[in-house]
Amino acid sequence: MFPDLDTPAARAAAILKEIRAVSAGHVAGYGEIARRAGMPGRARLVAQVLRKYGAPDLPWYRILRSDGSIAFPAGSSSYREQGQRLRAEGVRVVKGRVVGLKATASVDEQIWGPA
DNA sequence: AGCCTGACAAGGT
DNA sequence: AACCTTGCCAGGC
């Protein structure tokens, strides 16, 4: 059978694939990644996968909350690194929130690109 | 099986 | 925009 989403590892793989699909200068929401991976409503699983399966080459910093804000506690080292990495790609970040990007898909989908 | 946790989301104030 | 409350659901114990 084709590798379905019936095992934690398979779900993680599908999620990681969608995260890698977000190109530089773009950002996406946890929920949108979940939907694209075939798991609508499982934003929290995306977060869990990022925490557990973090890899050096994974663009984890392009994943934000549905309102465009950074999910880490303000001031934490991860929070600072995420902001720094995003700005390095030309994304404007003000007080922990991405601004100035426009929706690439429909208004309801949390994926944004350069304005 | 049950309970708690969490890099979340949506809706209301 | 900022908060708070509810709903959510896989994972880990």
Side-chain angles (χ1 to χ4, degrees):
Chain A
M1 282 295 275
F2 188 76
D4 213 339
L5 300 175
D6 54 358
T7 150
R11 288 190 279 273
I15 286 169
L16 291 173
K17 176 178 176 177
E18 294 308 321
I19 291 174
R20 292 185 202 282
V22 181
S23 45
H26 291 68
V27 297
Y30 292 89
E32 180 60 19
I33 293 297
R35 278 192 292 280
R36 287 184 164 221
M39 294 170 259
R42 275 153 237 192
R44 307 190 83 147
L45 180 57
V46 173
Q48 189 159 358
V49 166
L50 274 172
R51 174 165 56 78
K52 184 174 176 187
Y53 299 79
D57 57 306
L58 192 70
W60 57 270
Y61 51 89
R62 296 184 189 137
I63 311 304
L64 302 164
R65 288 190 182 130
S66 59
D67 64 354
S69 65
I70 291 176
F72 292 108
S76 65
S77 67
S78 297
Y79 169 94
R80 288 194 303 274
E81 183 181 351
Q82 183 162 17
Q84 175 185 32
R85 284 180 174 276
L86 286 174
R87 278 185 280 257
E89 293 189 343
V91 176
R92 261 213 306 165
V93 183
V94 178
K95 286 191 318 184
R97 177 190 294 275
V98 161
V99 295
L101 293 184
K102 92 175 187 183
T104 359
S106 77
V107 215
D108 291 329
E109 299 182 51
Q110 290 94 29
I111 179 163
W112 307 272

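Proteins get letters first, then strands, A, B, ... in listed order; numbering begins at 1 in each.
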Quick check: on DNA chain B, is the nucleotide nearest A:Gly31 upstream (toward 5') of the one nearest A:Gln48, or the reverse? Name the residue that is more 5'.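 First, find each residue's nearest nucleotide; the 5'-ward one identifies A:Gln48.
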Could you give the [atom1]-to-[atom2] distance, from [X] to [N], as a whole number of Å?
X: A:Tyr53; N: B:dA7; atom1: OH; atom2: P; answer: 15 Å
X: A:Leu5; N: C:dC9; atom1: CG; atom2: P; answer: 16 Å
X: A:Asp6; N: C:dA10; atom1: CG; atom2: C1'; answer: 14 Å
X: A:Arg42; N: B:dA10; atom1: CZ; atom2: P; answer: 15 Å
X: A:Lys95; N: C:dA1; atom1: NZ; atom2: P; answer: 9 Å
X: A:Ile111; N: B:dC8; atom1: CD1; atom2: C1'; answer: 17 Å
X: A:Leu50; N: C:dG11; atom1: CG; atom2: C1'; answer: 15 Å
X: A:Ile15; N: C:dC9; atom1: CD1; atom2: P; answer: 14 Å

With hydrophobic residues grouped by side-chain heavy-atom distances under 4.5 Å, do A:Leu58 and A:Val91 end up in a single group?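 In one cluster with A:Leu58: A:Val91, yes.
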side-chain N/O [X] vs [N] OP1/OP2, d < 4.0 Å:
X: A:Lys52; N: B:dG6; result: no
X: A:Arg65; N: B:dC8; result: yes
X: A:Gln110; N: B:dA10; result: yes
X: A:Arg44; N: B:dT5; result: no
X: A:Arg97; N: C:dA2; result: yes

Assign each of A:Asp67 and A:Ala9 the nucleotide of DNA chain C bearing its closest heavy atom; nearer the 5' end lies the nucleotide of A:Asp67
Run the salt bridge (Lys or Arg N to Asp or Glu O under 4.0 Å) check on A:Arg36 and A:Glu32 step by step: do they pass? CA-CA 6 Å; A:Arg36 287 184 164 221; A:Glu32 180 60 19; 3.3 Å; yes
B:dC8, C:dG11, B:dA10: which one has an atom nearest the side-chain heavy atoms of A:Pro8? C:dG11
Under 3.5 Å, is there a donor-acceptor pair between the A:Gln110 and A:Arg35 side chains? yes
Is there a side-chain contact between A:Ile33 and A:Ile111, using heavy atoms and a 4.5 Å cut-off? no
Between CD1 of A:Ile19 and CH2 of A:Trp60, what distance do you get to the nearest 0.5 Å?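 These two atoms lie 11.5 Å from each other.
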